Amino acid sequence: MLADALRYHVGPPLMVVGVTAGVQVLAVAGGKNTTRGWSLLGSLEAWCYVAALALWGLLSLWVPSREFRGPMPQHGPAPRYRANGVQFYCVSVILAIVGLIYNQEFASRTFYIFPEILAACNVTALVFCVYLLIRGKKWPQTTEKLPPRPIVYEFYRGMEIHPRFLGVDVKQFTVCRFGMIAWQVLVIIFFVAQNRLHGFDFACFVCAFLQSVYIAKFFYWETGYFDTLDIIYDRAGYYICWGCLVFVPGFYTFTSFFLVAHKPTVSVSGAFVCLMMGLISIALNYRVDWEKQYFRQNKGKCFLWGRQAKFIKATYVTPANEKRTSLLLTSGCWGLARHLNYVFELLLTLSWSLVGIGRGLGPFLYFFFLTILLVHRIFRDEEKCKAKYGRYWDQYCEAVPYRLIPFIF
Ligand SMILES: NC(=O)C1=CN([C@@H]2O[C@H](COP(=O)(O)OP(=O)(O)OC[C@H]3O[C@@H](n4cnc5c(N)ncnc54)[C@H](OP(=O)(O)O)[C@@H]3O)[C@@H](O)[C@H]2O)C=CC1
Ligand SMILES: CC(C)CCC[C@@H](C)[C@H]1CC[C@H]2C3=CC=C4C[C@@H](O)CC[C@]4(C)[C@H]3CC[C@]12C
């Protein structure tokens with residue numbers, strides 16, 4: 001009863017009103033300090049930024065390229081994606097770098113009007129989420145029947161799992177072709193803006209470089225992302241779409257944004273330690289994700305850490321009453337803890353935040369947020385797995401008793 005009240009009536013309104021208003025208030029406060037001619041809805045210039053990026057993302061999904069089919073959902077056809085993430089990433093980064101070489105002033109200008117850009121993203125994202133809600137309720141693209149929930153909850157969670165808009169998959173567009181690329185381009189822009197203000201700083205370079213390697217890794221693995229919780233389980237609503245249209249560009253980039261105006265005080269050797277720690281964490285995070293992918297691709301018949309992979313064969317029944325089997329890996333990294341990839345994700349984030357040590361909490365805000373998001377995600381993911389695999393999931397939890405940190409949690 002209480003859990004239902006929190007889940008449907010308290011949590012979503014608090015998130016929607018609180019976080020959206022929070023972004024808008026920050027945009028107002030930041031805008032007043034840094035720009036002239038600020039308006040509540042952003043400015044024409046800011047709207048041009050958002051329109052240009054959205055168009056660029058759409059274009060990348062419209063151009064003819066290899067199609068990738070995601071896992072079959074319970075309702076409707078298998079989702080279709082464009083498998084051109086690496087090309088899109090490389091062209092975007094090259095264009096951003098070449099553009100900035102010719103016009104460095106653009107970086108400083110973007111930094112100064114960033115609050116306005118966020119305000120424009122916020123308005124666009126809210127309108128888009130309202131559109132997704134109405135379309136999902138009135139003109140759904142599948143025959144799926146959802147039990148009615150409070151409207152704010154439906155807005156927050158979304159209605160459809162794989163809606164399409166203007167011929168593209170909504171989640172591929174919002175996550176990969178807007179949020180993630182905006183993060184990358186903004187990190188480069190803030191690095192150049194910082195350079196113009198204070199001169200070259202190795203610590204800022206480390207911060208931008210680590211984030212760039214991480215984002216490049218994401219695009220390299222983009223088709224793997226189509227098999228995750230966000231894609232196969234979450235619906236296209238405020239959480240994912242507003243999150244990637246506003247929260248990723250605005251908050252995931254915050255450490256870089258913060259360092260433009262707050263020159264790091266860390267020494268070159270300190271920054272070098274952060275660089276090493278970050279690179280090792282990225283490699284290990286990739287390794288954990290790779291082990292699962294490699295193991296599943298080989299249907300369990302493979303070697304990990306020099307030994308035959310161990311696993312639990314879990315059978316489950318789909319809502320369409322079909323019997324299926326999944327393999328749950330219990331050796332290699334997946335034998336140490338059930339979400340070891342999150343540990344390296346957090347260590348990586350900590351590495352690029354640590355370059356701002358001595359400058360207050362600002363550089364660490366994303367790290368704190370991600371810790372909460374990932375712990376919450378562990379419980380969401382395990383709830384999903386328990387419902388899917390039942391007693392096989394219990395067996396797996398017995399074989400691998402730690403959730404995150406071996407021998408601790
Ligand atoms: N920066 C950010 O904001 C975030 C980054 N990430 C990163 O994204 C990447 C993907 O993470 P995420 O999607 O959360 O989750 P995982 O990659 O951990 O995948 C979880 C799913 O894998 C399957 N699974 C679980 N245990 C096993 C096992 N032992 N053997 C085989 N399959 C198993 C289950 O799905 P199934 O139904 O197929 O069995 C489960 O739902 C990670 O690198 C993570 O760090 C994630 C969240 C936020
Ligand atoms: C409503 C908001 C306060 C919360 C919004 C959360 C979303 C923006 C994020 C939730 C899960 C996030 C992601 C999951 C997995 C990812 C793979 C990784 O390799 C790159 C990052 C990401 C795509 C990440 C992006 C933000 C979320 C969708």
Side-chain angles (χ1 to χ4, degrees), residues 11-12 14-16 18-20 22-23 71 125 129 156-157 171-172 174-176 178-180 183-184 211 214-222 224-234 237-252 281-282 284-296 300 309-312 314 316 324-349 366-367 369-378 380-389 392-393 396-397 399-400 403-404:
L14 270 181
M15 289 294 275
V16 172
V19 188
T20 312
V23 169
C129 292
Y156 174 80
R157 173 208 61 186
K171 284 195 267 179
Q172 182 173 26
T174 50
V175 181
C176 311
F178 194 94
M180 291 304 288
W183 182 0
Q184 174 62 84
Q211 292 179 74
Y214 173 76
I215 300 166
K217 186 206 79 164
F218 169 78
F219 279 100
Y220 176 69
W221 166 83
E222 193 191 34
Y225 177 67
F226 301 138
D227 204 5
T228 65
L229 200 64
D230 307 335
I231 302 291
I232 53 179
Y233 189 70
D234 288 338
Y238 178 90
Y239 180 74
I240 289 288
C241 298
W242 183 89
C244 287
L245 294 171
V246 184
F247 205 71
V248 172
F251 194 72
Y252 279 48
S281 305
I282 295 181
L284 292 175
N285 169 268
Y286 182 76
R287 170 76 200 191
V288 182
D289 289 340
W290 176 86
E291 279 189 11
K292 186 182 77 173
Q293 214 174 345
Y294 175 70
F295 160 80
R296 284 218 163 151
K310 289 191 197 153
F311 56 85
I312 289 172
Y316 64 98
R324 297 210 185 138
T325 305
S326 273
L327 305 183
L328 297 172
L329 179 60
T330 56
S331 63
C333 297
W334 292 81
L336 297 179
R338 303 200 291 269
H339 301 275
L340 198 63
N341 46 358
Y342 293 175
V343 173
F344 300 121
E345 179 91 24
L346 286 172
L347 283 177
L348 157 67
T349 309
Y366 172 62
F367 170 71
F369 162 80
L370 193 66
T371 308
I372 297 169
L373 183 120
L374 291 181
V375 171
H376 178 235
R377 196 173 169 95
I378 288 180
R380 276 198 331 128
D381 186 64
E382 299 213 342
E383 191 181 296
K384 178 213 102 175
C385 291
K386 170 79 182 147
K388 181 173 175 183
Y389 299 123
Y392 296 105
W393 186 255
Y396 171 58
C397 293
V400 185
R403 287 189 178 99
L404 192 64

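Since we're looking at a predicted model, the values are computed, not measured. First listed ligand is number 1; within each ligand, the first listed atom is number 1.
Taking only non-hydrogen atoms, the option from F369, Y225, Y238 nearest to atom 1 (C) of ligand 2 is Y238. By heavy-atom distance, the residue among W183, F218, F247, Y239 lying nearest atom 7 (C) of ligand 2 is Y239. Between the choices K384, R377, E291, K217, the shortest heavy-atom distance to atom 47 (C) of ligand 1 belongs to R377.
For Y233, the heavy-atom gap to ligand 1 stays at 4.0 angstrom or more. Judged by the shortest distance from any of its heavy atoms, Y214 lies inside the 4.0 Å radius around the atoms of ligand 2. Residue L374 places a heavy atom less than 4.0 Å from ligand 1. L327 counts as a contact of ligand 1, since one of its heavy atoms falls under 4.0 Å from the ligand. The closest approach between a heavy atom of F311 and any atom of ligand 1 is not below 4.0 Å. Using a non-hydrogen distance threshold of 4.0 Å, Y396 registers as a contact of ligand 1. Using a 4.0 Å cutoff on heavy atoms, E345 does not count as a contact of ligand 2. Distances from ligand 1 to the non-hydrogen atoms of R338 include no value under 4.0 Å. The shortest separation from a heavy atom of Y366 to ligand 1 is under 4.0 Å, placing the residue in contact. The shell of residues lying under 4.0 angstrom from ligand 1, judged by heavy atoms, excludes F369.
Looking at Y252 against ligand 1, only its side chain comes within 4.0 Å, counting heavy atoms. In V288, neither the side chain nor the backbone holds a heavy atom less than 4.0 Å from any atom of ligand 1. At a 4.0 Å heavy-atom cut-off, ligand 1 touches Y214 through the side chain alone.
Listed by number with element, the atoms of ligand 1 under 4.0 angstrom from any heavy atom of L373 are 48 (C). Residue V248 has at least one heavy-atom neighbour below 4.0 Å for each of these atoms of ligand 2: 8 (C), 26 (C). Under a 4.0 Å criterion applied to the non-hydrogen atoms of K292, ligand 1 contributes the atoms 16 (P), 17 (O), 19 (O), 20 (C), 21 (C), 22 (O), 23 (C), 31 (C), 32 (N), 33 (C). Counting the atoms of ligand 2 from 1 in the order shown, those under 4.0 Å from a heavy atom of V175 are 23 (C). Distances below 4.0 Å separate heavy atoms of L370 from the following atoms of ligand 1: 1 (N), 2 (C), 3 (O). Interface atoms of ligand 1 facing C385, defined by a heavy-atom separation under 4.0 Å, are 34 (C), 40 (C), 41 (O). Each of the following atoms of ligand 2 lies closer than 4.0 Å to a heavy atom of C244: 28 (C). The atoms of ligand 2 that sit less than 4.0 Å from any heavy atom of M15 are 3 (C). Short contacts between ligand 1 and Y389, defined as distances under 4.0 Å to a heavy atom of the residue, involve ligand atoms 36 (P), 37 (O), 39 (O). Annotation for ligand 1: atoms under 4.0 Å from non-hydrogen atoms of T228 are 13 (O). The contact set between ligand 2 and R377, taken as ligand atoms under 4.0 Å from a residue heavy atom, comprises 11 (C). Near Y342, with a cut-off below 4.0 Å to any heavy atom, the atoms of ligand 1 are 11 (O), 12 (P), 14 (O), 15 (O), 44 (C), 45 (O). Close contacts between ligand 1 and N285 involve ligand atoms 43 (O), 45 (O) [criterion: under 4.0 Å to a heavy atom]. Close contacts of ligand 2 with G243, meaning ligand atoms under 4.0 Å from a residue heavy atom, involve 5 (C), 8 (C).
Among the atoms of H339, none of the N or O lies under 3.5 angstrom from an N or O of ligand 1. In terms of polar-atom proximity, defined here as any N/O pair under 3.5 Å, W221 makes no such contact with ligand 1. Considering both main-chain and side-chain atoms, L329 comes within under 3.5 Å of ligand 1 through a nitrogen or oxygen pair. Inclusion of D289 in the set of residues having an N or O under 3.5 Å from an N or O of ligand 1 is warranted.
Put simply, the side chain of C333 does not reach to within 4.5 Å of the side chain of W290, judged on heavy atoms. Annotation: side chain of Q293 is not in contact with side chain of V288 (no heavy-atom distance under 4.5 Å). Residues W334 and L340 have side chains not in contact (no heavy-atom distance under 4.5 Å, counting atoms from C-beta outward). In this structure, D230 and V175 have side chains that are not in contact, with every pair of non-hydrogen atoms separated by 4.5 Å or more. Side-chain atoms of L373 and H376, non-hydrogen and from C-beta on, never get closer than 4.5 Å to each other. At least one side-chain heavy atom of F178 sits under 4.5 Å from a side-chain heavy atom of P249.
What sits closest to atom 14 (C) of ligand 2 on the protein, heavy atoms only, is D230 OD2, 3.0 Å. Looking only at protein heavy atoms, the nearest one to atom 9 (C) of ligand 2 is Y252 OH, 3.7 Å.
Under a 3.5 Å cut-off, the side chain of T228 and the backbone N or O of G224 do not form any donor-acceptor pair. With hydrogens and angles ignored, the 3.5 Å screen pairs no side-chain donor or acceptor of W242 with any backbone N or O of F247. Checking side-chain atoms of R403 against main-chain N and O of H339 turns up no donor-acceptor pair under 3.5 Å. N341 places no side-chain N or O within donor-acceptor distance of the main-chain N or O of N285, the cut-off being under 3.5 Å. Not a single donor-acceptor pair under 3.5 Å links the side chain of K388 to the backbone N or O of Y316. Side-chain atoms of S331 come within 3.5 Å of backbone N or O of K310 as a donor-acceptor pair. Checking side-chain atoms of K171 against main-chain N and O of I231 turns up a donor-acceptor pair under 3.5 Å.
The pair E291-R287 counts as a salt bridge, with a side-chain nitrogen and a carboxylate oxygen less than 4.0 angstrom apart. Look at R380 and D234 and you find a salt bridge, because one of the NZ, NE, NH1 or NH2 atoms lies within 4.0 Å of a carboxylate O, short of that distance.
A donor-acceptor contact closer than 3.5 angstrom is absent between the side chains of Q172 and Y225. For T20 and Y238, the side-chain atoms include at least one donor-acceptor pair closer than 3.5 Å.
Taking the six-membered ring for Trp and the full ring otherwise, W183 and F218 have centroids separated by 6.0 Å or more. A distance of 6.0 Å or more separates the ring centres of Y396 and Y389.
Using bins of under 30°, 30° to 60° and over 60° for the plane-to-plane angle, the ring pair Y252/Y366 lands in the tilted bin.
Taking a distance limit of 4.0 Å, we find that atom 24 (C) of ligand 2 is approached by no protein heavy atom.
Between atom OH of residue Y342 and atom CG of residue L374 there is a gap of 6.0 Å, rounded to the nearest 0.5 Å.
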